[in-house]
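Treat the numbers as computed from the prediction; the structure is a model and nothing was measured.
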2 protein chains.
Amino acid sequence: MHVMDMPLLSLLERLARLVHSESHAAGLKPVQWDILRFLAQANRFSRTPSGLTAYLGQTKGTVSQSLKALEDKGLVEKHPQPGDKRGVDVRLSTAGRAMLTQDPLAAFMGGLDGFGLEDRQTLEALLSRYLTGLLTARQGRMFGECRQCRFFQASASQGPYFCGLLKQALSEEDSRDRCVEFELIC
Amino acid sequence: MHVMDMPLLSLLERLARLVHSESHAAGLKPVQWDILRFLAQANRFSRTPSGLTAYLGQTKGTVSQSLKALEDKGLVEKHPQPGDKRGVDVRLSTAGRAMLTQDPLAAFMGGLDGFGLEDRQTLEALLSRYLTGLLTARQGRMFGECRQCRFFQASASQGPYFCGLLKQALSEEDSRDRCVEFELIC
DNA sequence: TTATATTGTTTCGAGTCGATACTAATTTAT
DNA sequence: ATAAATTAGTATCGACTCGAAACAATATAA
């Protein structure tokens with residue numbers, strides 16, 4: 001049976017292509033937008049070349065190239081990591097943060113025009129469940145919010161929260177960012 | 001407000017990236033798979049470089065390049081068009097048709113594993129409505145099935161069906177393919 | 001019949017992307 | 001403590017993407 005005879009796949013293909021083709025705004029490429037968005041949301045354990053590699057599903061070399069392009073444009077800054085001399089802490093520059101206000105993906109809210117609140121929530125919930133199923137099936141990482149992770153703990157002693165996996169204290173801000181190590185509570 | 005704070009957009013971005021990164025199978029690129037799928041479904045008025053241009057949302061030059069790459073791989077054949085000496089009729093070769101049995105997009109059915117029939121249909125319906133809203137909002141073409149188009153007519157005189165826009169007789173097969181000229185009945 | 005529009009190709013330059021090979025820092029095993 | 005394995009990241013290569021711009025040929029309209 002042909003892929004395009006399955007309505008869901010047909011929709012998915014079309015949607016993915018639409019996202020891709022609309023993501024050429026402001027002189028940036030689709031991946032570059034993806035990277036900018038990721039960096040705006042990732043916590044300090046995740047905003048590294050390897051975090052991006054896992055998120056984008058690409059090879060290290062490819063990510064390294066894309067980061068160089070963004071660095072040349074002044075949208076991204078590389079800082080040394082406190083603990084590990086190999087690691088690089090990739091951060092959005094002020095210009096990078098400003099660029100995100102022109103994110104072409106924002107236009108995709110327009111598709112919800114005829115939707116009531118309920119339909120909207122249903123679509124989000126189902127899509128979220130679908131994506132979760134997809135990622136667990138192929139062992140992809142979820143990059144969920146730190147505070148919803150199975151390693152997330154309230155800590156009395158060191159800072160407000162604590163990561164049981166990385167053994168690190170977490171600030172209020174940390175807890176709202178997304179993390180490479182995120183695992184579903186189950 | 002940041003795009004990634006809107007759950008739907010966040011899901012969409014992730015899904016689109018996932019589709020993109022999984023679409024590197026069998027030595028083909030994502031666009032090349034898109035083109036193969038399109039050609040397998042498009043009717044004779046639509047399987048041209050310009051049809052693809054409209055479908056992919058790219059420029060003519062880009063499409064021309066991609067087609068050349070697919071032609072070199074022997075997956076696609078170019079034929080002259082009967083009526084118009086400028087036009088090119090792009091068709092899947094036998095090898096191209098065979099390639100589609102390895103479509104990496106098929107793996108995306110796996111995300112529906114925990115879904116009941118009802119959830120599945122709801123997701124498809126909402127996604128379809130969303131996509132329609134999106135395309136009409138930005139005047140994108142829908143590439144719907146010929147027989148569901150506002151120009152589609154049953155014809156007593158010439159062949160089983162008739163296209164009121166192109167003034168052409170349509171076979172049973174034609175009527176099930178997708179068309180560039182598709183417009184919603186409304 | 002002369003504009004004008006449409007269909008498609010070519011060339012250019014920046015960037016994507018996987019593969020491969022490489023360096024340096026860190027961890028693990030001994 | 002040190003050798004081996006692992007991990008983080010970079011550099012280079014070749015095929016391809018992609019928009020922009022310039023171009024040719026055919027078709028349509030004034």
Does B/Q32 reach a base, just sugar-phosphate, or nothing at all? Heavy atoms under 4.0 Å.
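It contacts sugar-phosphate atoms only.
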Might you work through the salt bridge (charged side-chain N to carboxylate O under 4.0 Å, His left out) test for B/D174 and B/R176, ending with a clear yes or no?
CA-CA 5 Å; B/D174 284 334; B/R176 302 197 185 278; over 6 Å; no
Does [X] use its side chain to pair, donor to acceptor, with the backbone of [Y] at less than 3.5 Å?
X: B/T136; Y: B/T132; answer: yes
X: B/S66; Y: B/Q32; answer: no
X: A/S46; Y: A/A42; answer: no
X: B/T122; Y: B/E118; answer: yes

Between [N] atom [atom2] and [X] atom [atom1], what is the distance in whole Å?
X: A/E71; N: C/dG15; atom1: CD; atom2: C1'; answer: 16 Å
X: A/I35; N: C/dG15; atom1: CD1; atom2: P; answer: 13 Å
X: B/D89; N: C/dT7; atom1: CG; atom2: P; answer: 15 Å
X: A/Q65; N: C/dA14; atom1: CD; atom2: C1'; answer: 12 Å
X: B/L70; N: D/dA15; atom1: CG; atom2: C1'; answer: 13 Å
X: B/L67; N: D/dA15; atom1: CG; atom2: C1'; answer: 17 Å
X: B/D72; N: D/dT17; atom1: CG; atom2: P; answer: 11 Å
X: A/D34; N: C/dC17; atom1: CG; atom2: P; answer: 9 Å

Whichever of A/T48 and A/R17 has its nearest DNA chain D nucleotide further upstream toward 5':
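Looking at the nearest nucleotide for each, A/T48 comes out on the 5' side.
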If you measure only the distance, is there a donor-acceptor pair under 3.5 Å linking the side chains of A/T62 and A/T59?
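A/T59 and A/T62 do have a side-chain donor-acceptor pair below 3.5 Å.
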Given D/dT17, is OP1 or OP2 found less than 4.0 Å from the side-chain N or O atoms of A/H20?
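Indeed not, no polar side-chain atom of A/H20 lies that close.
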Would one find a side-chain N or O of A/K29 under 4.0 angstrom from OP1 or OP2 of D/dG19?
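It does not, given that no N or O in the side chain of A/K29 lies less than 4.0 Å from OP1 or OP2 of D/dG19.
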May I ask you to check if B/R47 and B/F38 form a cation-pi contact, with NZ or CZ under 6.0 angstrom from the six-membered ring centre and within 45° of the axis?
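The answer is no, since B/R47 fails at least one limit relative to B/F38.
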Determine to 10° how strongly the helix from C/dT1-D/dA30 to C/dT30-D/dA1 is bent, judged from the axes of its five-pair ends.
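Here the helix ends are tilted 20° relative to one another.
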By nearest atom, which of the nucleotides [options] is closest to the [X] side chain?
X: A/S50; options: D/dG9, C/dC17, C/dT7; result: D/dG9
X: B/H24; options: D/dC18, C/dG18, D/dA11; result: C/dG18
X: A/S64; options: D/dT10, D/dC18, D/dA11; result: D/dT10

Could you label the plane-to-plane angle of the A/F152 and A/Y161 rings as parallel, tilted or perpendicular, counting under 30° as parallel and over 60° as perpendicular?
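Because their plane-to-plane angle lies in the 30° to 60° range, the rings of A/F152 and A/Y161 count as tilted.
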Could you walk me through whether A/E13 and A/R17 pass the salt bridge (charged side-chain N to carboxylate O under 4.0 Å, His left out) test, one step at a time?
CA-CA 6 Å; A/E13 189 217 20; A/R17 175 52 52 186; over 6 Å; no
Of A/Q58 and B/K68, whose closest DNA chain C nucleotide lies nearer the 5' terminus?
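So the residue in question is B/K68.
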For the aromatic rings, using the six-membered ring if either is Trp, is the centroid distance between A/F143 and A/Y55 under 6.0 Å?
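Ring centroids of A/F143 and A/Y55 are less than 6.0 Å from each other.
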Under 3.5 Å, N/O pairs linking protein and nucleotides 19-28 of chain C:
from: C/dT26; atom 1: OP1; to: A/K85; atom 2: N; distance (Å): 2.9

